Every structure is written in structure tokens, then in C-alpha cells.
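Presented below is the structure to which this report refers.
Just so you know, these numbers come straight off a predicted model, no measurement behind them. Values reported hereafter were calculated over all heavy atoms of this structure, with side chains retained and with hydrogens, waters and symmetry mates removed.
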Amino acid sequence: MIKAVTGTKDILPQEISRWKYLEDLVRQIFSSFNYKEIRTPVFEETILFARGIGEETDIVGKEMYTFNDKSNTSLTLKPEMTASVVRAFIEHSLGKQQPLNKFYYISPMFRQERPQAGRQRQFHQFGCEALGSTSPLLDAEIIIAAYEILNRLNLKDLKVKINSLGVPESREAYKNILKRHLEVKKHLLSEDSRKRFDKNILRIFDSKVESDQEIIDNAPKLIDYIDEESRKDFEIVKELLSKNNIPFEVDAKLVRGLDYYTKTTFEIISGKVGSQSALCGGGRYDLLIEQLGGAPTPGVGFAAGIERILLACENEKTLLLPEERIDLYIVRMDSELTQKTFELASYFRKESLKVEIDYLDRSVKAQMREANKLNAQFVLFVGGEEYKSNKFNLKFMKTGEQKDYPVDNAGEIKSFILQNISI
RNA sequence: GUGAGCGUAGCUCAGCUGGUUAGAGUAUCAGGUUGUGGCCCUGAGGGUCAUGGGUUCAAAUCCCAUCGCUCACCCCA
């Protein structure tokens, strides 16, 4: 049997309603903030991600789906969206048409990692990017939008963590301070953290090793060493979040794995999705666009994992979706009337009713069982005595009431159904 | 890339220390009198017990390998 590739999943009709519910909500919220949808190709030239995300990151270093096409160009399935949006922004000179551009997206992403709870190789994210302003209003705005979406899903066990990484100059200065502080304790760190010490010292803060924790907790924090402007902006972000009733906490250890972040970073985590608790993460990236060849343009954005969010919804049982139903099931009582049934179904479908009929030449009893299973609001019986006297019989399933209608007046049946399906 | 656990009907699982035709619930299908659902009852179909090899008189059950799945680490959404 041929199965879906490791780390990929089919989304079956049964679960589609949950996806659509979330997607509709995402569109609605972003739209209320006047973000415009953008769609970019699923693959890009590899160099875009290598430059945009950073050669040293794990994503670029070991997780990308990279292949050569027939003309030997190295292509990569997008592992995240920011680089693609920025590429499109630069390519179409969108910054020249208006000074501020606000985009949102819903899209599959690809990362070759070992799957586990809340992690797949093809997964889906929604998110946004606001390009063209350094205003901390935008930092706050995207956090509020992200929180609003999760909040509307009735998720309870949420934590918003924020931090500021400052500008590169202040961060480099801090790194030296941190290096000096940790140098003497280096031999006490875990093997992974010792590697990070040389490669990307900030990542030591991500360590989950307990013995590292103590050392980390006593180390100087980046947030205390950031530049004046970053500090002021961070204060404004915190103030705006408070005024909007976003329960957040400053986490000085929140550094994030992508190279392009500056100033504000944030994460929203849930305790209900296994060990991959981050539902959402993002921050400011004021230097990325220039780095990718565009005019110097500041940006902020975030990405949220759809599978993780749905997993949290499932574990918290927060999603109360309306049960599936159809408006009308047409029961064929005599096999000679099969085409008549089909014709009637076409008529009611054109009138925007949700209609089903039998295709398996089954008994009336079987058709009724099917109608019940489909949660049909009405059943129309075609055939038998009534049909001989030019009548159809309509049954209202909820009450069991039945009534005859003349065969040449399907319009009356339609009106009656339309009047009663809203109940 | 590393580690642990698990693979028996569509789904959830039982099958004790190896013993003969592999079970249940659920789902599916057909019936429960002449043309009507939900509850209930009866019956039917459906499994090369992941695959390959080994031990044994005998393997779903023990051993090995392969594949797959799950969870965790790394990292991230």
C-alpha cells in the first residue's frame, strides 16, 4: 500500500470543518486590521532562504527540502514565509506604491525534521508581515491580532512571552559581556551549550538542561543591555499590550532561532500541545529587507502553527462546531423513478438547497436510514400511491409530520423547506 | 541526526507463561411482513495477526532483521 510520506498528513472531510472554521476566523481578524492576503509559490530559489533565514540556523543547515530542477537550479520548499513575502515585496516594488504594506497569509510549509506531536514535515501556518514602519504600534498590533485569534478559539492555557533583542550593535556588545561572564563556567555547561558558546552564544538561553538553567539565571540579561531606542520602543509595546488587556510576561531568555530578528520578539505558548508548546512566534526584523537586496525597510511579523492550534483546541475541547446537516433527502420508492428523482434533486440544488439522493438502488428503509445519518431536515418521497395521484409526500424529520404536494408545484415544496430549515 | 515504545478486521482494542477453524465493541451491508429514519433485535461480509527470516512437532504469541507509526531530544510553528 502506498502511504502518505513520513511527516505528511491527509486532512480528511471529517476534519475539514475545523480547518475552515480557523481559516475563516484568521481572514476575519486580519481583515479587521486591514492586512491584505498574499500568496507566494511553494518553492523558491534556495539562496533566498539561505540568505534570509541565515546559514547558521538549523532550518537552513539541516531542515530544508532542497532539490535541483532540470536546469540545475537549486530550489527549496518554503520552510517559512517571511523570506518569500519580502522577496515578493522587493520584486514588485510594493514599497514604492505605498509606504506601509500589511500582508497576511495561510500556507503550507516544509521542514525535514523527525515528526512528533505538533510537528510535521508539511505543516501549515498563518501569519502576517507589516513592512515599512519602525513604529512599536505595529509590534503591539500583531501580538494583539495573534492573541485575538487564539482567544476567539476559546483557548485558555495561553502564555504570551515577549522580549527585546535590541539592535545588532547593542546585541554584539552584550554578547561580549555574556561571553566574559560564562567563560569561567564554560566547563560546567552541557555539551550542546558549549557548542552554542562558540556558534551562537544567545542560544544557550534556550537550553532545557537543568544544570544549565542555574548558570543562565545568574548570567546578565540582554534586555538590560539593549540600546536606548529599543528600550523605549519596548516600553511602548508593553504599555499598549497592557491597555489592550493582553496578559504577557517579559521573558529575558526568549531569544529565537532565526537570525533576522531585532528589537521585539514574542511567542505565545500553550500547555496543551505536548512538548512543542509554541503556537505562535514572531518579532521585528528591521534589517532583513535590505539584506535581501531591497531598500532599507523595517518589518515585523509572526507565524502561527495551524496543526498545533487545532491540537490545542482538540485537547481543550474548545471548538463547538455546528453539526453537519443537509436540507433535503429525496427517497425514490420505485426504481422507474430514478431519473425523476435526479431531476428533482437538480431543481432543488439550483435553488441552493443541500440535497442528496440514493445512488445504490437501495430500499426505502435504507434510504431513510441514510437520510437520518445525513441529518436531513426534510425527506421527499417520490413514488407510490401519492405519485399515482400526482403528488409528492414531504416529511419534516424533526417532528415526523408528512404532507402531500402536487407534483407540478415543486416551488411550493421549496418555499416550505426554506421557511423551516432555519429552525 | 540520537533515544524509547508500539505495529491483530475501516476504527478502538482482547488474545495469560507458544497448542489446533483468530475474537469483541463500533462502523459497513441486509433483514425485523406488503411504502418511511432515529432506539432495539437478528444475520452477513471484512484479517497473508506490518514484512522477511529463524527457533519449535507447533508461533499472532519467542528471537533477529527490515519497514512503518508514536513520543521525546536537538530545533522550531
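Here the CE atom belonging to Met64(A) is positioned 12.0 Å from the CG atom belonging to Asp58(A), to the nearest 0.5 angstrom.
Minimum interatomic distance between Ile53(A) and Pro79(A) (heavy atoms only, all atoms of both residues): CD1-CG, 3.9 Å.
At the phosphate of rA72(B), OP1 or OP2 sits under 4.0 Å from a side-chain N or O atom of Gln116(A). Taking only side-chain nitrogens and oxygens, Arg114(A) never comes nearer than 4.0 Å to OP1 or OP2 of rA72(B). Remark: Lys373(A) is in phosphate contact with rU28(B), judged by side-chain N or O atoms under 4.0 Å from OP1 or OP2. The phosphate of rC73(B) (OP1 or OP2) has a side-chain N or O of Ser275(A) nearer than 4.0 angstrom.
Ring geometry for Tyr104(A) against Phe30(A) counts as parallel: the plane angle stays under 30°, on a 0 to 90° scale with 60° as the upper cut. Between Tyr174(A) and Phe205(A), the ring-plane angle classifies as parallel under the 30° and 60° cut-offs.
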- Item | Check against side-chain contact (heavy atoms from CB on, under 4.5 Å), Leu153(A) and Tyr21(A) | CA-CA 10 Å; Leu153(A) 295 167; Tyr21(A) 181 85; 3.8 Å; yes

- Would you please test Arg87(A) and Glu44(A) for salt bridge (charged side-chain N to carboxylate O under 4.0 Å, His left out) and show each step? CA-CA 10 Å; Arg87(A) 192 225 80 229; Glu44(A) 298 272 358; 2.4 Å; yes

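Using a 4.0 Å heavy-atom distance criterion, Gly281(A) is classed as a sugar-phosphate-only contact. When heavy atoms are screened at a 4.0 angstrom cut-off, Glu113(A) is found touching base atoms of the nucleic acid. If you check every strand for non-hydrogen atoms under 4.0 Å, Glu385(A) touches a base. Counting any heavy atom pair closer than 4.0 Å across all strands shown, Glu80(A) reaches no nucleic acid atom. Nucleic acid contact class of Lys62(A) (heavy atoms, under 4.0 Å, all strands): base. Contact annotation for Gly118(A): base contact, defined as any heavy-atom pair under 4.0 Å involving a base atom. Among the heavy atoms of the strands lying under 4.0 Å from Gly400(A) is at least one base atom, whether or not backbone atoms are also near. Among the atoms of the strands shown, base atoms are found under 4.0 Å from some heavy atom of Gln120(A). Nucleic acid contact for Ala117(A): sugar-phosphate only, since backbone atoms but no base atoms lie under 4.0 Å from a heavy atom of the residue. Phe302(A) comes within 4.0 angstrom of nothing in the nucleic acid, heavy atoms only.
You'll find a donor-acceptor pair under 3.5 Å spanning the side chain of Gln276(A) and the base of rC75(B), going by distance alone. Under 3.5 Å, the side chain of Glu386(A) and the base of rG35(B) form at least one donor-acceptor pair of N or O atoms. For Arg362(A) against rG35(B), no side-chain N or O and base N or O form a donor-acceptor pair under 3.5 Å. Between the side chain of Lys365(A) and the base of rU36(B), no donor-acceptor pair under 3.5 Å is found.
When each of Lys395(A) and Arg121(A) is assigned the nucleotide of RNA chain B with its nearest heavy atom, Lys395(A) is the one assigned upstream, toward the 5' end. Nucleotides of RNA chain B nearest to Leu279(A) and Leu360(A) differ in position, and the one nearer the 5' end is that of Leu360(A).
Rounded to an integer number of Å, the gap from Lys195(A) NZ to rC75(B) C1' is 13 Å. Put simply, NZ on Lys9(A) is 16 Å from P on rG68(B), counting in whole angstrom units. Residue Gln122(A) contributes atom CD, which lies 14 Å from atom C1' of rA77(B) at whole-angstrom precision. One can place CG of Leu77(A) at 17 Å from P of rA77(B), the figure rounded to the nearest angstrom. In this structure, Ile204(A) places its CD1 atom 16 Å from C1' of rC75(B), rounding to the nearest Å. Between Leu374(A) atom CG and rG38(B) atom P the separation is 14 Å, expressed in whole Å.
Taking the charged nitrogens against the carboxylate oxygens, Arg349(A) and Glu356(A) do have a contact shorter than 4.0 Å, which makes a salt bridge.
rG18(B) and rC62(B) have their P atoms separated by 8 Å, given to the nearest Å. One P atom belongs to rG68(B), the other to rC75(B), and the distance between them is 26 Å to the nearest Å. Of the C1' atoms belonging to rG7(B) and rU61(B), the separation is 14 Å, rounded to the nearest Å. The gap from the C1' atom of rC63(B) to that of rG3(B) amounts to 22 Å, rounded to the nearest Å. To the nearest whole angstrom, the two C1' atoms, one in rU36(B) and one in rA44(B), are 24 Å apart. On the P atoms, rU26(B) is 31 Å away from rC69(B), given to the nearest whole Å. rG54(B) and rA24(B) are spaced 33 Å apart, taking the P atom of each and rounding to whole Å. rC29(B) sits 38 Å from rC71(B) when the C1' atoms are compared, rounded to a whole Å.
In the model, Thr399(A) has a side-chain atom that pairs as donor or acceptor with a side-chain atom of Glu401(A) under 3.5 Å.
More than 12 heavy atoms of other residues, nucleotides or ligands lie within 6.0 Å of CZ in Phe67(A), so this atom counts as buried by the packing criterion. Within 6.0 Å of atom CZ in Arg196(A), more than 12 heavy atoms from other residues, nucleotides or ligands are found, so the atom counts as buried in its surroundings.
Closest to the side chain of Asp58(A), from the set rC75(B), rU70(B), rG31(B), is rC75(B). Of all nucleotides listed (rU36(B), rU70(B), rA77(B)), rU36(B) comes nearest to the side chain of Gln402(A).
A stacking contact links Phe123(A) to rA77(B): the aromatic ring centre lies within less than 5.5 Å of the base's six-membered ring centre, and the planes differ by less than 30°.
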Please write out the pairs of protein N or O atoms and N or O atoms of nucleotides 50-52 of chain B separated by less than 3.5 Å, giving the distance to one decimal.
none

